[in-house]
Amino acid sequence: MTFEAILFITLGAMAGGFVNGLAGTGTALFALGFFLVALDPVSAVAIVALMSVTTGLQGLWVVREALTRNVPRLLRFIIPGLLGVPVGISLLSFIDADTLKLIIGVLLIVYGGFFSFRSNLPKFERRTPVLDSAIGLSGGILGGMASLSGALPVIWCSMRPWPKAETRAVLQPFNVSVLFTTTVMLWWRGAYTSTALTAFLIALPTSLIAAQIGIAVFRRVSDNIFRRLLIGLSLLLGLGILIRALV
């Protein structure tokens with residue numbers, strides 16, 4: 001592997017690991033562009049998924065107390081999400097994934113752009129178990145169809161005035177669960193070649209360290225600032241989706 005390839009893999013691991021540690025999601029947005037310079041698309045996606053899972057485990061430990069207090073809420077997202085992954089994969093033959101990415105990208109830009117520049121944050125307080133499950137199912141389907149499992153959960157959770165630990169206690173395990181399922185499916189399809197595994201071993205130390213830096217920042221921000229970070233991440237995620245879809 002060339003020095004240039006190692007450099008881009010390391011930069012991707014640094015960017016993806018940091019945002020995963022900070023927000024509990026968004027690894028692919030910040031890492032995939034770097035990885036695609038050094039790897040073929042299948043290997044790049046496979047490494048991003050595996051890296052998201054391994055670095056995400058650190059984030060789970062950070063919010064372990066919030067996880068144990070809100071297991072029923074979490075299951076409302078995860079169970080439908082896991083059921084949605086194979087549904088999304090099966091729908092690939094009937095729905096154009098690129099068009100879907102454009103629609104989701106525009107939605108993220110409109111939402112993130114609107115609330116990024118408002119003093120008042122969205123505030124949706126009442127319990128919504130059915131809507132929670134619908135968001136989880138939609139996230140799983142989008143994950144299977146277009147690797148966008150975190151898009152709708154990020155929007156939904158940023159609208160809820162939950163403490164930052166409770167918000168992360170939904171986003172992080174949801175993404176880890178869906179992406180672990182994706183990783184298994186990619187492994188089954190032979191995506192983890194020797195080149196891909198070499199790239200992962202190069203990326204792993206940097207991503208773990210960068211995630212710890214992101215976690216340190218997460219611990220220091222207030223609940224409101226964390227919600228604003230998620231809204232800003234929605235905007236960046238939407239822009240990234242549109243750029244990749246149109247270029």
Side-chain angles (χ1 to χ4, degrees), residues 1 5-39 43-70 74 77-78 147 149-150 153-154 157-158 162-183 192 196-237 240:
M1 192 169 287
I6 294 174
L7 176 62
F8 276 99
I9 290 170
T10 302
L11 290 174
M14 187 182 303
F18 174 78
V19 75
N20 189 293
L22 175 61
T25 186
T27 305
L29 168 64
F30 289 87
L32 195 56
F34 291 100
F35 287 175
L36 286 171
V37 176
L39 302 165
S43 295
V45 171
I47 296 310
V48 165
L50 186 56
M51 193 178 79
S52 299
V53 173
T54 52
T55 55
L57 294 176
Q58 297 180 103
L60 290 178
W61 179 255
V62 172
V63 294
R64 60 192 182 279
E65 293 183 2
L67 274 172
T68 57
R69 291 196 305 267
N70 297 283
L74 176 59
F77 286 88
I78 286 184
S147 301
S149 59
V154 164
C157 288
S158 68
W162 297 334
K164 62 181 182 180
E166 292 188 16
T167 301
R168 189 182 184 126
V170 170
L171 288 176
Q172 189 109 52
F174 178 82
N175 281 309
V176 167
S177 301
V178 172
L179 290 172
F180 177 75
T181 304
T182 303
T183 299
Y192 291 101
L197 291 176
T198 299
F200 172 70
L201 291 176
I202 292 171
L204 183 61
T206 303
S207 65
L208 292 175
I209 294 171
Q212 284 298 321
I213 296 172
I215 288 170
V217 176
F218 165 79
R219 284 172 167 159
R220 285 165 174 75
V221 299
S222 67
D223 293 339
N224 277 344
I225 290 178
F226 183 70
R227 291 181 67 204
R228 288 198 176 277
L229 285 172
L230 290 183
I231 291 170
L233 185 62
S234 299
L235 177 59
L236 291 175
L237 181 58

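Nothing fancy with the numbering, it's 1 onward along the sequence.
Heavy-atom minimum distance, Leu74 versus Ala169: CD1-O, 3.5 Å. Closest non-hydrogen pair, Phe34 versus Ala15, comes out as CE1-CB, 4.2 Å. Closest approach of Val154 and Ser234 over heavy atoms only: CG1-OG, 3.3 Å. Shortest non-hydrogen contact noted between Ala31 and Val48 is CB-CG2, 4.4 Å. Contact detail for Phe35 and Ala203: the closest heavy-atom pair is CZ-CB, 4.3 Å. Closest approach of Asn175 and Gly150 over heavy atoms only: OD1-CA, 3.7 Å.
Between the CE atom of Met51 and the OG1 atom of Thr183 there is a distance of 11.5 Å, given to the nearest 0.5 Å. Going from atom CG of Leu233 over to atom CG of Leu171 covers 9.0 Å, rounded to the nearest 0.5 Å. Taken from OG1 in Thr167 to CH2 in Trp162, the straight-line distance is 6.5 Å, to the nearest 0.5 Å. We find the CG-CZ distance between Leu179 and Phe174 to be 9.0 Å, quoted to the nearest 0.5 Å. Between the OG1 atom in Thr182 and the CG atom in Leu50 there is a gap of 11.5 Å [rounded to 0.5 Å]. For the atom pair CD1 (Ile47) and CG (Leu201), the distance works out to 8.5 Å, reported to the nearest 0.5 Å.
Contact annotation: the side chain of Ser207 approaches that of Leu204 to within less than 4.5 Å [non-hydrogen atoms, C-beta and beyond]. Annotation: side chain of Phe180 is not in contact with side chain of Leu57 (no heavy-atom distance under 4.5 Å).
Every residue was checked against the ring-ring contact (aromatic ring centres under 6.0 Å, His included) condition with Phe8, not counting sequence neighbours, and none meets it.
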Contacts table for residues 213-224: side-chain donor-acceptor under 3.5 angstrom, sequence neighbours left out:
residue: Arg220; atom: NH1; partner: Ala216; partner atom: O; Å: 2.9
residue: Ser222; atom: OG; partner: Ile225; partner atom: N; Å: 3.2
residue: Asp223; atom: OD1; partner: Lys164; partner atom: N; Å: 3.0

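Checked against Arg168 for a side-chain contact (heavy atoms from CB on, under 4.5 Å), the options Leu230, Val63, Leu60, Leu22 give a single hit: Val63.
Sorted by first then second residue, the side-chain hydrogen bond (donor to acceptor under 3.5 Å, both in side chains) pairs that include residues 58-70, not counting sequence neighbours, are Gln58-Gln212.
The backbone N or O of Gly16 sits nowhere less than 3.5 Å from a side-chain atom of Asn20 that would complete a donor-acceptor pair.
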